[in-house]
Amino acid sequence: DTAVSQTPKYLVTQMGNDKSIKCEQNLGHDTMYWYKQDSKKFLKIMFSYNNKELIINETVPNRFSPKSPDKAHLNLHINSLELGDSAVYFCASSYEQPNTEAFFGQGTRLTVV
Amino acid sequence: AQSVTQPDIHITVSEGASLELRCNYSYGATPYLFWYVQSPGQGLQLLLKYFSGDTLVQGIKGFEAEFKRSQSSFNLRKPSVHWSDAAEYFCAVSPSSGSARQLTFGSGTQLTVLP
């Protein structure tokens with residue numbers, strides 16, 4: 001009964017490939033996020049999404065795109081993978097209102113070779 | 001814009017010793033404050049949060065944190081550290097008028113626990 005679950009946990013792929021990471025939450029939250037954690041452990045938000053709007057961090061390359069089939073899922077698609085995309089990607093969710101915290105998934109370690 | 005500073009990149013303590021991890025924030029008003037822990041190979045788990053009220057908040061696993069407005073700080077403490085506390089700790093802030101979508105993290109403090 002994991003609250004926020006991501007798959008896969010590990011992903012190794014070659015440069016130039018296209019890959020997806022899936023995320024599902026069973027908390028009934030209306031907002032979901034993707035974060036990138038770099039090699040220095042720094043966490044940076046990439047996207048936040050609810051049924052009203054998608055907010056994109058302007059530093060995220062357009063090779064990255066979130067896809068939400070429904071309120072409980074937010075998948076991350078990455079095209080033309082580059083070596084610099086290697087990182088840990090975290091999915092998270094919360095309610096879209098103040099006084100709430102974000103719940104995080106286990107992370108997906110992406111390695112581009 | 002809000003920002004979070006965790007001055008200590010790495011802290012080492014002996015098991016059973018007390019612990020304090022520092023967190024300073026920069027924000028125009030009182031923000032919402034959080035501490036998350038990331039155990040090796042694991043996701044981020046919320047330890048505790050401050051929204052308003054009592055400035056000393058209790059969290060899970062025996063952790064507590066104190067909000068000090070005058071010092072713009074939200075330091076995390078534990079009276080007696082266990083070996084299982086070895087992990088990366090992140091302080092985070094969001095605007096009190098906003099939601100979790102405006103969460104900003106510090107750079108983290110890695111805690112090593114010696115036997």
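Residue numbers start from 1 in every chain, and the chains themselves are labelled A, B, ... in the order their sequence lines are given, proteins ahead of strands. It should be emphasised that the depicted structure is a prediction, and the values quoted were computed from it without experimental measurement.
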B:Leu114 atom CG, neighbour heavy-atom count above 12 within 6.0 Å: yes
B:Val4 reachable from B:Tyr27 in the ILVMFWY side-chain graph, under 4.5 Å edges: yes
Chain B contacts, top residue of A:Lys44, A:Gln37, A:Met32, A:Lys40 (heavy-atom pairs, under 4.5 Å): A:Gln37
Heavy-atom neighbours of A:Asn62 CG exceed 12 at 6.0 Å: no
Close side-chain approach of A:Phe104 and B:Gln42, heavy atoms under 4.5 Å: no
Audit row: B:Leu103, A:Tyr35, side chain to side chain contact (heavy atoms under 4.5 Å, CB included) steps and yes/no: CA-CA 11 Å; B:Leu103 198 61; A:Tyr35 281 81; 3.5 Å; yes
A:Leu54-A:Leu76 co-clustered via ILVMFWY side chain contacts under 4.5 Å: yes
Connected via hydrophobic side-chain network under 4.5 Å: A:Ile45 and A:Phe90: yes
Region of B:Gln38 that comes under 4.5 Å of a non-hydrogen atom in chain A: side chain
Stepwise ring-ring contact (aromatic ring centres under 6.0 Å, His included) check, B:Phe105 with A:Phe42: CA-CA 8 Å; B:Phe105 282 88; A:Phe42 186 68; 8.7 Å; no
Hydrophobic cluster membership, B:Phe90 vs B:Ile11, 4.5 Å side-chain cutoff: no
Validation row: B:Tyr32, A:Thr100 side chains within 4.5 angstrom (heavy atoms): no
Side chain to side chain, B:Leu44 and A:Leu43, heavy atoms closer than 4.5 Å: yes
Where B:Tyr36 and A:Glu101 come nearest, the two heavy atoms and their spacing: OH-CB, 4.2 Å
